[in-house]
A.B. asks: 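Before anything else, here's the structure in question.
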Amino acid sequence: MQNKTNIVILGSTGSIGASTLSVIEHNPERYQVLALVGGRNAERMAEQCLKFQPKFAALEDEQAAKILREKLTALQCNTRILSGQQAICELAAHPQADQVMAAIVGAAGLLPTLAAVQAGKRVLLANKETLVTCGQLFIDEVKKHHAQLLPVDSEHNAIFQSLPHAAQEQIGFCPLKELGISKIVLTGSGGPFRYTDLSEFEHITPEQAVAHPNWSMGKKISVDSATMMNKGLEYIEARWLFNAAEEEMEVIIHPQSIIHSMVRYLDGSVIAQMGNPDMRTPIAETMAYPNRTFAGVEPLDFYQLNGLTFLKPDYQRYPCLKLAIDAFRAGQYATTAMNAANEIAVDAFLNRRIGFTQIAQVNQRVVEKITPQKIMAIGDVLEIDRKARELAERLILSF
Ligand code: NAD
Ligand code: MG
């Protein structure tokens, strides 16, 4: 019998982590969990350890890890409990790990994801922030250490599936033109306000903004979908993953979220990936690649669809999308600053400190205020991230 594939899940207690464990549960003969990693949720981590019996589990927070250790000792679970970022990075690079799911949220995911890449692992990449802030550094490391990148974000996974095999094997540095590809087509639902009158935008509440029509997600990413900053971050992610020039990118609004993105070829062909909006599909695809496996997802019922429609994005409605496109052109300092400012602005909006339209204003002004500079190392990224957060906080206080 073939050996099982050993998986390390960074961010197992989150939404992508839970979907990954669900795919593993459907395929116990193929996959086993080597290590689970989370931030501070000892309760959820204890449940996951009991169910999946990993060799290791780590929580970033030391206090939470202590609670977890006590819980599991009482329940006679043999999982070894670790804590702190160093231990997390070691698990991400563990010699027995065949695949690493990188699904820690935010900048906290940077170093562990990088550790997996530097160990030459097969990395299933969900964390967008790595590419938005450290794109070039990250792709350089992938190349240097012969790591394999498989995109989990549903749009990027759809593009990956629509690419020829030769491109799939060179994620981060694929020669699109040489392979006959003319455009990467990124689709987005347009969020809940695609038909709302622009004059009403000022009065949009957090409750209205987090109610996404098609996907069930966390609050931050739901607000990002409403402003289309999520598409902006994904635009940046796509440019790095697929080595795409500005003129090779196209963003289209597709309200039903059935087509998850597409690739245009020189001969006029357009290849799209479709399915129900369920993250287990892209996760299972990256886990089984180049094969396929059951993901527990309902088959797409074509007779239930009320047509597929498409709209051009309007930058007046979605200024954050335009800002992200411009930021990529300006350089990594700008994408890093924009990402940091946006985290602060979205948080302030959710706490009713600023209005919906002010999110874009904060982001734009912070990017303008950061001095253009070349990013040479992770330290530069962290410094710009810190400065941008400070600037955003100050701006919000002045509103
Ligand atoms: P989530 O908030 O549900 O989960 C985040 C996970 O990261 C949790 O396990 C948390 O404990 C862990 N974590 C947080 N801080 C940590 C730290 N300092 N050290 C170690 N672990 C830490 O987020 P999510 O929705 O699962 O998203 C994860 C990533 O995937 C994000 O980067 C997001 O942009 C991306 N993504 C998510 C979706 C989705 O549908 N949820 C889709 C595409 C991409
Ligand atoms: Mg996405």
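The first residue in the sequence is number 1, and the count goes up from there. We count ligands from 1, going down the list as the structure has it; atoms in each ligand are counted the same way. Below, each value reflects all heavy atoms present in this structure, side chains not excepted, and no hydrogens, waters or symmetry copies.
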A.B. asks: Distance-only check: which donor-acceptor pairs under 3.5 Å involve side-chain atoms of residues 72-89, not counting sequence neighbours?
C.D. replies:
from, atom 1, to, atom 2, distance (Å)
Thr73, OG1, Arg69, O, 2.6
Thr79, OG1, Pro54, O, 2.8
Gln86, NE2, Glu90, OE2, 3.1

A.B. asks: Given side chains that start at C-beta, do those of Gln332 and Trp240 come closer than 4.5 Å, heavy atoms only?
C.D. replies: yes
A.B. asks: Could you tell me the separation between the CD1 atom of Ile159 and the CD atom of Glu237, rounded to the nearest 0.5 Å?
C.D. replies: 9.0 Å
A.B. asks: Using heavy-atom distances, let me know which of Ala18, Gly39, Ala103 sits nearest atom 6 (C) of ligand 1.
C.D. replies: Ala103
A.B. asks: Do the ring planes of Phe294 and His26 sit parallel (below 30°), tilted (30 to 60°) or perpendicular (above 60°)?
C.D. replies: perpendicular
A.B. asks: Would you tell me which option among Thr13, Val132, Ile104 has the nearest heavy-atom contact to atom 22 (C) of ligand 1?
C.D. replies: Ile104
A.B. asks: For the residue pair Ile384 and Gln373, establish whether any side-chain heavy-atom pair is separated by less than 4.5 Å.
C.D. replies: yes
A.B. asks: Is Glu343 salt-bridged to Lys220, cutoff N-O under 4.0 Å?
C.D. replies: no
A.B. asks: Which ligand 1 atoms does Ala108 reach within 4.0 Å, using its non-hydrogen atoms?
C.D. replies: 17 (C), 18 (N)
A.B. asks: What protein N/O/S atoms lie closer than 2.8 Å to the Mg ion (ligand 2)?
C.D. replies: Asp153 OD1, Glu155 OE1, Glu234 OE2
A.B. asks: Under 4.0 Å between a side-chain nitrogen and a carboxylate oxygen: does that hold for Lys71 and Glu43?
C.D. replies: yes
A.B. asks: Is there a path of hydrophobic side-chain contacts, each under 4.5 Å between heavy atoms of I/L/V/M/F/W/Y residues, joining Val117 to Phe160?
C.D. replies: yes
A.B. asks: So which bit of Lys128 gets within less than 4.0 Å of ligand 1, heavy atoms only: side chain, backbone, both or neither?
C.D. replies: both
A.B. asks: Determine, considering heavy atoms only, which of Leu10, Asp61, Ile16 sits nearest to atom 38 (C) of ligand 1.
C.D. replies: Ile16
A.B. asks: Out of Ser154, Ala126, Gly38, whose heavy atom is nearest to atom 44 (C) of ligand 1?
C.D. replies: Ala126
A.B. asks: Taking distance alone, with N or O pairs closer than 3.5 Å, would you say Glu129 contacts ligand 1?
C.D. replies: yes
